[in-house]
Amino acid sequence: MSLQIYSTLSGKKEEFVPLRGGEVRIYVCGVTVYDSSHIGHARALLTFDVIYRYLKFLDYRVIFVRNFTDLDDKIIRRAQEEGTTSEAIAAKYIEEFYQDSHALGLLRPAQEPKATEHIPEIIALIRRLEEKGMAYQVDGDVFFPVERFPEYGKLSRRKPEELEAGARIEVDERKRSPLDFALWKRSKEGEPSWESPWGTGRPGWHIECSAMSTRYLGQPFDIHGGGLDLVFPHHENEIAQSEAAFDVPLARYWIHNGFLNVNHEKMSKSLGNIYTVREILDLYEPEGLRHYFLSSHYRSPIDFSRQGLEEAEKAVERIYETMDRIQRCLPTPGPSRPDAGILEGFRREMDDDFNTPRAIALIFDEVRSLNRLLDEGKTAGLAARSLALRAVGETLGLLQRPPEMFLMNRRERWIKKQGLSHAEIEDLIRKRDRVRKEKRYQEGDRIREELRARGIVLEDTPGGTIWKVK
RNA sequence: GGCGGCGUACCCAAGUGGUUAAGGGAGAGGUCUGCAAAACCUCGAUGCGGCGGUUCGAAUCCGCCCGCCGCCUCCA
């Protein structure tokens, strides 16, 4: 069995066959940099981060491109509100994006093109469409004539007639059809603008992705991805433009991640239910968030909850505890190779449309089995299995830190929140040790209870008493 | 109105025709321990929103009904 990918275009799982041998070219629509990234963005980013990692795990040479939309109405509006330039707004949120990406443990794409740096490519593409009669100009605006592209609607399974019937937006009278969309917009006073054959203006939203994907990956390329909400109209329009221009498919497989909801509703500013990446990572471990997302399938909706995140964090802690035990038992792993059975099992699950929930279940099966070996004091095969576990974790972007660091971070976060200090806790532990030596256990248990009431649990190990967060 | 999705144990969540319905969290009992914690062992849905149907056999396919949601407009 080989990798099967669900493609929005065909509406079913298909065997993945790269267009060029061992190489995979993938383009994912990135963020519009006009505000802080929220956890919905994080879900999309993590989804494709894992897809990227898994393709590499399969030994493909992967060319991963993810753009920044650094030019659009929202950025311009934001700049006006703040009395600055759209360049400054974009630069600020790109910087924030990188901080968030780093915190989330995202692998960096090979290319991260920005719309503003590809104006010549965009103009060339529009000109090509114009030459083919697939663009028309009205007063410095250039539109794409949807009715001239018969396959329009094939990705989102919509018929143009039905769309027109249901349209309830204000229609620009100058367009031939309400569905036609802007390739180029004449710029208003004070907006960023570039010289073009149609006068001073700026690109429409969809065209940048067509221009940049072709620039870095050619056409067709293998995988195009993004959030489910981009299917229509963004990706539909990209297909129309690119395929009208070059008469070959834009991309072979179309992957879309499901939404992240809050209280069963989509996150939106008007509902005030947006959580930014930074505020969540302020409260929870990044790997907890990653685990939380990966324990649902990438195409399913997730209803975000604090409880879910807390449970996920405990789950990650369980894995780290086991890795910590292994490390103490086998300080140097030796020349072992990763256990092939575990890797095969992982591959079997992931080959089925990146089934991360099953992959995670497999990790926990392995954790239990390893703990049993450790309990029994057996070390045969331990090194190979822990190496495999680490490889699997790495492919999911989990288990990337030394175990003690994860455990320590959780503790630090907790005591800070509780207003406790190390010294205070350690004093109590020493005091408890003293009374225990004198067998005054009741007194010792009182100290334990006192700490437990503040979320600290004590573990008496052969090496002394350690403490953890409940 | 059109298109699409979802409803599985206390919570989260896999599973889309066939032995005992994954895994995590919470819970109960046990082993270990001075007592705990961690770990391990055991238990936990005779049933997968409801009602019919197809089939030797369905959580899985079909129909109807109930409930929830998304897209059709910028949006990850």
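Chain identifiers are assigned alphabetically (A, B, ...) following the order of the sequence lines, protein sequences preceding nucleic acid strands; residue numbering begins at 1 within each chain.
Note on A:Asp365: only backbone sugar-phosphate atoms sit closer than 4.0 angstrom, heavy atoms only; bases stay farther off. A:Asn371 comes within contact range of the sugar-phosphate backbone alone, with a heavy-atom separation under 4.0 Å but no base atom that close. Residue contacts shown for A:Leu260 include a base, since a base heavy atom lies under 4.0 Å away. Nucleic acid contact class of A:Arg436 (heavy atoms, under 4.0 Å, all strands): base. Backbone-only engagement by A:Gly30 is indicated by non-hydrogen atom pairs under 4.0 Å involving sugar-phosphate atoms exclusively. At the heavy-atom level, A:Gly226 lies under 4.0 Å from the strands shown only through sugar-phosphate atoms.
Going from atom CD of A:Glu450 over to atom P of B:A36 covers 20 Å, rounded to whole Å. Separating the CZ atom of A:Arg158 from the C1' atom of B:G1 is a distance of 14 Å, rounded to the nearest angstrom. For the pair A:Glu443 CD and B:C35 P, the interatomic distance rounds to 19 Å; values are reported in whole Å. Rounded to an integer number of Å, the gap from CZ of A:Phe181 to C1' of B:C74 is 15 Å. One interatomic measurement links the two molecules: CD of A:Glu376 to P of B:C32, which rounds to 15 Å at whole-angstrom precision. Atom CD1 in A:Ile360 sits roughly 13 Å away from atom P in B:A13 (whole-Å rounding). The CG atom of A:Leu228 sits 8 Å away from the C1' atom of B:C71 (whole-angstrom rounding). Distance A:His291 NE2 to B:G23 P: 13 Å, rounded to the nearest Å.
The aromatic rings of A:Tyr298 and A:Phe354 sit perpendicular to each other, their planes meeting at more than 60°, with 30° as the lower class boundary. Classification of the A:Phe68-A:Phe97 ring pair by plane angle, with boundaries at 30° and 60°, yields perpendicular.
Of the N and O atoms on the side chains of A:Tyr93 and A:Asp70, not one donor lies less than 3.5 Å from an acceptor on the other residue. Defined by atom type and a distance below 3.5 Å, a donor-acceptor pair is present between the side-chain atoms of A:Arg158 and A:Ser156.
When all heavy atoms are compared, the tightest approach of A:Leu382 to A:Leu370 is CD1-CD2, 3.5 Å.
Inter-residue side-chain proximity for A:Ser177 and A:Phe144 is flagged as unmet; no heavy-atom pair is nearer than 4.5 Å. Residues A:Glu287 and A:Tyr320 form a side-chain contact, since some pair of their non-hydrogen atoms from C-beta on lies under 4.5 Å apart. Using a 4.5 Å cut-off on side-chain heavy atoms (C-beta onward), A:Ile415 and A:Ile456 make contact.
The same atom, P, is picked in B:G53 and in B:A59; the two are 15 Å apart, to the nearest Å. Only the P atoms considered, B:G49 is 32 Å distant from B:A39, to the nearest whole Å. Taking atom C1' in both B:C48 and B:C6, one finds a spacing of 14 Å when rounded to whole Å. Taking the C1' atoms as reference points, B:G17 lies 8 Å from B:C61, given to the whole Å. Rounded to a whole angstrom, the distance from the P atom of B:A9 to that of B:C51 is 15 Å. Taking the P atoms as reference points, B:G1 lies 23 Å from B:C62, given to the whole Å. Look at the P atom in both B:A37 and B:C32: the space between them is 14 Å, to the nearest Å. Across B:A13 and B:G18, the matching C1' atoms stand 24 Å from one another, rounded to whole Å.
The backbone N or O of A:Gly341 lies less than 3.5 Å from a partner atom in the side chain of A:Asp339, making a donor-acceptor pair. With A:Ser213 contributing its side chain and A:Ser210 its backbone, the two residues share a donor-acceptor pair below 3.5 Å. A donor-acceptor pair under 3.5 Å links the side-chain atoms of A:Glu236 to the main chain of A:Lys154, judged by distance alone.
Nearest nucleotide to the side chain of A:Glu459, out of B:A38, B:C40, B:C11: B:A38.
Taking the centre of each ring, A:His118 and A:Tyr216 come in below the 6.0 Å mark. Ring to ring, A:Tyr275 and A:Phe304 are close: their centroids are under 6.0 angstrom apart.
Note that A:Arg202 lies outside the cation-pi zone of A:Trp184, set by a 6.0 Å cut-off to the ring centre and a 45° limit from the axis. Both the sub-6.0 Å distance and the 45° axial angle are not jointly satisfied by A:Lys13 relative to the ring of A:Tyr6.
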Show each protein N/O and nucleotides 27-31 of chain B N/O combination with a separation under 3.5 Å, one pair to a line.
none

Protein N or O to nucleotides 15-17 of chain B N or O, pairs below 3.5 Å:
from, atom 1, to, atom 2, distance (Å)
B:G15, OP1, A:Asn355, ND2, 3.1

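Position along RNA chain B of the nearest nucleotide to A:Phe259 versus A:Asp445 favours A:Asp445 as the more 5'-ward residue. Residues A:Arg43 and A:Ser300 each lie close to RNA chain B; by heavy-atom proximity, the contact nearer the 5' end of the strand is made by A:Ser300.
In terms of polar N and O atoms assigned as donor or acceptor, the side chain of A:Arg368 never comes within less than 3.5 Å of the base of B:C40 in a complementary pairing. For B:C69, its base never sits under 3.5 Å from the side chain of A:Asn261 at any donor and acceptor pair.
Phosphate contact (OP1/OP2 of B:A76, side-chain N/O of A:Arg66, threshold under 4.0 Å): absent. Listed pair A:Lys266 / B:C71 meets the phosphate criterion, a side-chain N or O lying under 4.0 Å from OP1 or OP2. Not one side-chain nitrogen or oxygen of A:Asn257 sits closer than 4.0 Å to the OP1 or OP2 atom of B:A76. Note on A:Arg318: a side-chain N or O is less than 4.0 Å away from OP1 or OP2 of B:C40. Look at A:Arg77 and you won't find any side-chain N or O under 4.0 angstrom from OP1 or OP2 of B:C74.
Look at A:Phe364 and the base of B:G23; the rings do not stack under the cut-offs of 5.5 Å between centres and 30° between planes.
Only A:Asp229, A:Leu230, A:Phe232, listed by number, bring a heavy atom of residues 229-240 of chain A to less than 4.0 angstrom from any atom of RNA chain B.
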